[in-house]
Amino acid sequence: MTTISTIDKLREHLGDTVTLQGWVHQSRASGKVAFILVRDGTGLCQCVMEKSDQTAGFFDETRRLAQESALEVTGVVVADARAPGGFELQVTNVCVVHAARDYPITPKPHGIEFLMKLRHLWFRSQRQWHILRIRATVVDEIRRYFNDHDYVLIDTPIFAPAAGEGSQTLFKVDYFGEPVYLAQTGQLYVEAACMAHRKVYCFGPTFRAEKSKTRRHLTEFWMVEPEIAYASLGDVIDAAEDFVCSVVQRVLRDHRPQLIELGRNVEELERIQKPFHRITYTRAAEMLRSPQAKALLEQDLVAKQERLAELDRRIEKLEAVAKGDGKQWDKDVAAAEAIEAREERAEVQEQIRNIPHHLELAAGFEWGSDLGGSDETIISRLHDKPVFVTHYPKHAKAFYMREDRADERVVENFDLLAPQGFGEIIGGSAREEELGRLLARIRHDHLPEDDYEWYLDLRRYGSVPHGGFGLGVERTLCWLCGLKHIREAIPFARMMGKIYP
RNA sequence: UCCCCGAUAGCUCAAUCGGCAGAGCGAGCGGCUGUUAACCGCUAGGUUCUAGGUUCGAAUCCUAGUCGGGGAGCCA
């Protein structure tokens, strides 16, 4: 009777005979020795099987086990520098649970369409495994942070009778013959709850029917929304800052190796310390029109053009190698690198095409417009840490945001822009607590007043200054992991025109 | 809603000016006693997205459509 172990605990079993329950991640075999890289959900372990009297009974059948075959493998745990991870299993027995055939995801590169259709299998790949582990930690830290800071969890409804935000982005569903909408935010409900519990938060999926096919958009994404009674705009910003630092620290603490594996620059994350930068929208607008912004983009253009020339040279060289008559191995590597370089070239070309437009947008930025994606990128790249942009023009923002009493053209809101151009990860505000002002805004925006009767009650009975924010889990994960596309930050992405699997 | 790009073997990609449909991986078989995306040999594998058109001849050119990728607007 041997111990059943998991790969993450092998270190504790050095010298022991243990059984691993897992799947074949990769395998290499010769006539007399086979290396099976086993994946068991907790990690990877190289299992070495030498042909001998002991293994004769199963060696020939198992040496060529196909990728993703399920197996129980028993052996002695030994330390070996040649093994990935430093430990390996000297196999004494193998029990095939299920022999797989023709597993579609191979160790070679695949296209994104193919991988998304096989999302249910793509999970098993190392990169995806790391990302979803980090996601689980981020979600855990979100809950832990708010629970430990005296926030009360309030679950808000998914079926909502009216719009929380722009009504063009609502998913309409039939509710016993009545049209209702999938929630875009739980905010109005947590506002009600914070008057009962002082500090509350909701955490769940939200739905937006935005017709956006970009690397930053999902139609179903997860958002945490804390709401605090007796809070000023400054209090809410302080809370957001502390919270974001806490999430970053936790991910650094628990996932440093995974972040490095994903290619994330860990030093950049280590710089995420309080205080973050705080600028007003008006100042941001000035920055966009400033010589610094222009210089940044112009330098960017030069850098991108140099990169493009470099890539052209590289691609030419790689193609020559790939088509030459060198060793097959070298040709393969060159061909794979050429594909990667071509992808990067296409991306750089697109960026170069966009820069003049971005320059124009920034230089011609007028007070009153909302900040666009490229504007946010410029602002965040002019800073080395996350930036809070506050006090946006009233007419560009939602009706519930508190009017600045000192300047009624703006509201007391903020966005938090992640550094390195990852864009907006938080939106928040102080909420309008005066019934009269709120009613005027609802009427001005032609919103259905009846639907908001209950919400207006909050201003009739013990209305106090309060505020909160919403943090998008997937966008935060993109930033933390350095992901290029949001679809990798959620187990099963829901995007415009995509709902399988 | 708008703009740009793409679709060739199971996968990733080639195919020069419009002239015989190719390679690697994966799969199958064989070989190899320490591999790290293993290696070596052999085998099988094609309605070139769809429908029209131009042409002696179309993967390649034209028109329309479908699907996918990226971006704008909008947003977390």
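Within every chain, numbering begins at 1; the chains are lettered A, B, ... in the order of the sequence lines, protein sequences first and strands thereafter.
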- When every non-hydrogen atom of A:Phe59 is compared with those of A:Ser30, the smallest separation belongs to CZ-O, 4.2 Å
- Query: Using 4.0 Å as the upper bound for N to carboxylate O, is an ion pair formed by A:Arg278 and A:Glu241?
  - Reply: yes
- Message: If I take atom CG in residue A:Leu477 and atom C1' in nucleotide B:A76, what distance separates them, rounded to the nearest angstrom?
- Response: 13 Å
- RNA chain B: 5'-proximal contact among A:Arg101 and A:Phe114 (nearest heavy atom): A:Phe114
- If you look at every strand shown and take non-hydrogen atoms under 4.0 Å, does A:Gly111 touch a base, only sugar-phosphate, or nothing? sugar-phosphate
- Just checking A:Ile426: base, sugar-phosphate only, or nothing, at a heavy-atom cut-off of under 4.0 Å? sugar-phosphate
- Query: Under the side chain to side chain contact (heavy atoms under 4.5 Å, CB included) test, which residues partner A:His444, sequence neighbours left out?
  - Reply: none
- Message: When you measure from the side-chain N and O atoms of A:Gln26 to the phosphate of B:A38, is any distance below 4.0 Å, counting only OP1 and OP2?
- Response: yes
- Query: Any salt bridge between A:Glu432 and A:Arg441, counting N to O under 4.0 Å?
  - Reply: no
- Between B:G34, B:C74, B:A27, spot the one nearest the side chain of A:Gln46, thanks. B:G34
- Message: What's the closest nucleotide to the side chain of A:Ile486 if the choices are B:G34, B:U33, B:A76?
- Response: B:A76
- Using the P atom on both, measure B:G30 against B:C67 and round to a whole Å. 46 Å
- Rounded P spacing from B:G22 to B:A59 in Å: 13 Å
- Item | Distance, rounded to the nearest Å, where A:Phe35 contributes CZ and B:A37 contributes P | 13 Å
- Message: In whole Å, I'd like the distance from the NZ atom of A:Lys397 to the C1' atom of B:A76.
- Response: 11 Å
- Task: Give me the residues of residues 80-93 of chain A where at least one heavy atom lies under 4.0 Å from an atom of RNA chain B, by number, or none.
- Result: A:Asp80, A:Arg82, A:Pro84, A:Glu88, A:Gln90
- Dot-bracket for RNA chain B, 5' to 3', counting Watson-Crick or G-U wobble pairs under 3.5 Å, with [ ] for crossing pairs and | for inter-strand pairs? (((((((..((((.....[..)))).(((((.......))))).....(((((..]....))))))))))))....
- Residue set satisfying side chain to side chain contact (heavy atoms under 4.5 Å, CB included) with A:Gln54, at least two apart, ordered chain then number -> A:Ser52, A:Thr92
- Message: Give me syn or anti for B:C17, where syn covers glycosidic angles within 90 degrees of 0.
- Response: syn
- A correct 5'-to-3' footprint of nucleotides 65-71 of chain B, with B, S and - meaning base, sugar-phosphate only and no protein heavy atom under 4.0 Å, is ---SBSB
- Message: For residues 478-495 of chain A, which residue pairs pass the salt bridge (charged side-chain N to carboxylate O under 4.0 Å, His left out) check, not counting sequence neighbours?
- Response: A:Arg127-A:Glu488, A:Glu347-A:Lys484
- Residue mapping more 5' on RNA chain B - nearest nucleotide basis, A:Leu361 or A:Gly470: A:Leu361
- Message: With rounding to the closest Å, how many angstrom separate the C1' atoms on B:G53 and B:U60?
- Response: 15 Å
- Note on the structure: Closest of B:G30, B:C74, B:U33 to the A:Arg64 side chain is B:G30
- Which value, in whole Å, describes the distance between the C1' atoms of nucleotides B:A58 and B:C20? 14 Å
- For A:His277, the side-chain hydrogen bond (donor to acceptor under 3.5 Å, both in side chains) test, sequence neighbours excluded, returns A:Asp384
- Task: Could you tell me the separation between the CG atom of A:Leu37 and the P atom of B:A37, rounded to a whole number of Å?
- Result: 10 Å
- Is A:His357 touching bases, backbone alone, or none of the nucleic acid, heavy atoms closer than 4.0 Å? nothing
- Item | Residue pair A:Phe207, A:Tyr181: steps toward the ring pair (Phe, Tyr, Trp, His ring centres under 6.0 Å) verdict | CA-CA 9 Å; A:Phe207 307 88; A:Tyr181 306 94; over 10 Å; no
- Return the set of residues passing salt bridge (charged side-chain N to carboxylate O under 4.0 Å, His left out) with A:Glu261 (not counting sequence neighbours), or none when no residue passes. none
- Message: Nearest whole Å is fine: how far is B:G10 C1' from A:Leu121 CG?
- Response: 14 Å
- Query: Taking only residues two or more places apart in sequence, or in another chain, which ones meet A:Lys397 in a side-chain hydrogen bond (donor to acceptor under 3.5 Å, both in side chains)?
  - Reply: none
- Could you check whether A:Ala29 gets within reach of a base, just the sugar-phosphate, or nothing at all, counting any heavy atom under 4.0 Å? base
- Message: Tell me the interatomic distance from A:Met223, atom CE, to B:C75, atom P, rounded to whole angstroms.
- Response: 13 Å
- Item | Contacts of type side chain to side chain contact (heavy atoms under 4.5 Å, CB included), residue A:Gln67, not counting sequence neighbours | A:Tyr103, A:Pro107
- Does A:Trp479 offer a backbone N or O that forms a donor-acceptor pair with the side chain of A:Arg264 under 3.5 Å? yes
- Query: If the C1' atom of B:U48 is compared with that of B:A15, how far apart are they to the nearest Å?
  - Reply: 11 Å
- Spacing of the P atoms in B:U16 and B:G34 (rounded, Å): 43 Å
- Task: Write down the distance separating the P atoms in B:U8 and B:G68, rounded off to the nearest Å.
- Result: 14 Å
- Mind checking what makes side chain to side chain contact (heavy atoms under 4.5 Å, CB included) contact with A:Thr42, not counting sequence neighbours? A:Thr6, A:Ile7, A:Asp8, A:Asp40
- Query: Whole-Å distance between B:U12 P and A:Lys108 NZ?
  - Reply: 14 Å
- Contacts of A:Arg250 that satisfy side-chain hydrogen bond (donor to acceptor under 3.5 Å, both in side chains) - sequence neighbours left out: A:Asp140, A:Glu141, A:Asp254
- Task: Could you tell me whether the phosphate oxygens of B:A38, OP1 or OP2, come under 4.0 Å of any side-chain nitrogen or oxygen in A:Arg28?
- Result: yes
- Message: Looking at A:His217 and B:C75, is any side-chain donor or acceptor paired with a base atom of the opposite kind under 3.5 Å?
- Response: yes
- Quote, to the nearest angstrom, the C1' distance that separates B:G18 from B:U35. 48 Å
- Query: B:A27 P sits how many Å from A:Gln67 CD, rounded?
  - Reply: 7 Å
